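Structure first, then comments.
In what follows, chains are A, B, ... by sequence order, proteins preceding strands, each numbered from 1. All figures in this text were calculated on a predicted structure; none of them were measured in a lab. Hydrogens, waters and symmetry mates are skipped; everything else that's a heavy atom, side chains included, is used.
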Protein chains: 2
Amino acid sequence: MKTGRGVEWAVHSCVNMAWTPAGEAVNSARLAAYYKLPGAYLNKQLQALVHAGVLDSVSGPRGGFHLARRPEHITVLDVVLALEGPEPAFRCEGILGNVPDADQEQNYVRTCLISQTMRQAELAWRQALARQTIAGIADSMERRFPQDRVKAVSYLAAGT
Amino acid sequence: MKTGRGVEWAVHSCVNMAWTPAGEAVNSARLAAYYKLPGAYLNKQLQALVHAGVLDSVSGPRGGFHLARRPEHITVLDVVLALEGPEPAFRCEGILGNVPDADQEQNYVRTCLISQTMRQAELAWRQALARQTIAGIADSMERRFPQDRVKAVSYLAAGT
DNA sequence: GCTACCCTACTCGGATATGGAATGTCCGAGTATGCTCGG
DNA sequence: CCGAGCATACTCGGACATTCCATATCCGAGTAGGGTAGC
């Protein structure tokens, strides 16, 4: 029960993209240098976000990644699911259906109370993540540490 | 972001132990045969529960595992944490502290809003799991499928 | 018949393989930019 | 001076290694129970 390292990287990357002027792209090598991360691997993670429709990519000089839609409409859950996959974290294999003389017609995953408990807990987790948008986090961070945005944006733009 | 297979097995095992008469132990080979699971591996998972103080073990003939305390005082969260480890699922490495000219005195993990969001979501998940006890699940399952308890207990006791 | 001892079989416990996913790296495909050359 | 064409460097994109952890297995340590022999 561990999330990949890329989740933290991806959310920070999205916040930075929310800060950069519209129409500009942030390239992954520059982002990786800023946070001291393996560049090619960060690139791979951002590709997953493109595949999920969270980011758009631009090739060539002055290329990079930018948000595919307005940051108010991108939730933290979107980013997490893009990287970790949409399937539930709890693996229920319905072992109740393996017992001797089990009723083959019954849906043991649906009716199993343990499975229901796990699904409900995971729903609470997802709802909490869905309540936070990239825009909300970006705004809060800027209010709390105004100089951080300035520093990040100027550093990332220096790649020109 | 996946839980191990053993979580489902362990919770079902605990429910069965809540059903067995007090003073008797359930051995892992019999449990594994009932649910068609790899016996030695189930044994290993239950060992983790012993290490965490959820189960007690008894060696030798008529040996096995039994709950270490009353099933009303064992939550699903206890079982999950015993197997997956108590540390948070979200790995925050505080990459904000890696940026150039970062303030080394500041605790970036504590103040990072992304980290806070993740911690809050995970707290909701844990609270949902902590609300469900083994006793509660066992009672509900018995109310809904009364014959299942009879079948399981008699099968497991047949190892005598 | 009763008791003490030993032997056996059974179960946990941890050390030991294996496979697959997460992590990390590398090179090719495609494109915008800027330069060059001709009109 | 202006515009079209081309060379170039830059960035993404996916194919290719490597490391680590979940999964699975096996054998030794310890124990309870029963059988046996002696009193």
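For the pair B:Glu24 CD and D:dA32 P, the interatomic distance rounds to 16 Å; values are reported in whole Å. In this entry the distance linking OH of A:Tyr41 with P of C:dG24 reads 6 Å, nearest Å. In this structure, the CG atom of A:Leu37 is 15 Å from the C1' atom of C:dT25, given to the nearest Å. D:dC10 atom P lies 17 Å from atom CZ of A:Phe65, rounded to whole Å. In this structure, B:Arg30 atom CZ and C:dA9 atom C1' are separated by 17 Å, rounded to whole Å. One interatomic measurement links the two molecules: NE2 of A:His66 to C1' of D:dT11, which rounds to 13 Å at whole-angstrom precision. Look at CG on A:Leu55: it is 15 Å from C1' on D:dG13, rounded to the nearest Å.
Sorted by residue number, the list of members of residues 45-53 of chain B with any non-hydrogen atom under 4.0 Å from DNA chain D is empty. Near DNA chain C, meaning a heavy atom under 4.0 Å from it, residues 5-15 of chain A has A:Arg5, A:Trp9 in order of number.
Counting only heavy atoms from C-beta on, A:Arg91 has its side chain closest to D:dA22 among D:dA22, D:dT25, C:dT33. Which of D:dC12, C:dC12, D:dT23 sits closest to the side chain of B:Asn27 comes down to C:dC12. Looking at the side chain of B:Lys44, the nearest of the listed nucleotides D:dC12, C:dG13, D:dT25 is D:dT25.
Considering only residues two or more places apart in sequence or on other chains, B:Arg69 meets the side-chain hydrogen bond (donor to acceptor under 3.5 Å, both in side chains) condition with B:Asp78. Under the side-chain hydrogen bond (donor to acceptor under 3.5 Å, both in side chains) criterion, B:Arg131 pairs with no residue at all, not counting sequence neighbours. Remark: B:Pro100 engages A:Tyr34, A:Tyr155 in a side chain to side chain contact (heavy atoms under 4.5 Å, CB included) (not counting sequence neighbours). Evaluation of the side chain to side chain contact (heavy atoms under 4.5 Å, CB included) rule for B:Arg70 yields B:Glu72, B:His73 as partners, not counting sequence neighbours.
Of the listed residues (A:Ser13, A:Ser28, A:Cys14), just one forms a side chain to side chain contact (heavy atoms under 4.5 Å, CB included) with A:Phe65, and that residue is A:Ser28.
In the hydrophobic clustering of ILVMFWY residues, with side-chain heavy atoms under 4.5 Å counting as a link, A:Ile137 and B:Val109 come out apart. Hydrophobic clustering keeps A:Leu96 apart from B:Phe145 (ILVMFWY residues linked when any side-chain heavy atoms are closer than 4.5 Å, directly or through intermediates).
For the side-chain hydrogen bond (donor to acceptor under 3.5 Å, both in side chains) condition, the pairs that include at least one residue of residues 2-11 of chain B, sequence neighbours left out, are A:Glu93-B:Arg5. For residues 132-147 of chain A, every residue pair satisfying the side-chain hydrogen bond (donor to acceptor under 3.5 Å, both in side chains) rule, not counting sequence neighbours, is listed here: A:Glu142-A:Arg149.
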Extract all donor-acceptor atom pairs below 3.5 Å that involve side chains of residues 46-59 of chain A and protein atoms in other chains or at least two apart in sequence.
none

Residues 35-42 of chain B, side-chain donor-acceptor partners within the protein, below 3.5 Å, at least two apart:
residue: B:Tyr35; atom: OH; partner: B:Asn16; partner atom: ND2; Å: 2.8
residue: B:Lys36; atom: NZ; partner: A:Asn98; partner atom: O; Å: 3.0
residue: B:Tyr41; atom: OH; partner: B:Gln45; partner atom: NE2; Å: 3.1

Would you tabulate the pairs of protein nitrogen or oxygen atoms and nucleotide nitrogen or oxygen atoms of nucleotides 3-8 of chain D closer than 3.5 angstrom?
none

Short heteroatom pairs, N/O only, protein and nucleotides 28-30 of chain C, under 3.5 Å:
none

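Using a 4.5 Å heavy-atom threshold, the side chains of B:Leu129 and A:Thr117 count as touching.
Along DNA chain D, the nucleotide nearest B:Leu42 and the nucleotide nearest A:Asn43 are compared for position; the residue whose nucleotide lies closer to the 5' end is A:Asn43. With the nearest nucleotide of DNA chain C identified for both B:Met1 and B:Ser57, B:Ser57 has the one nearer the 5' end.
The NE2 atom of B:His12 sits 9.5 Å away from the CG atom of A:Leu113 when rounded to the nearest 0.5 Å.
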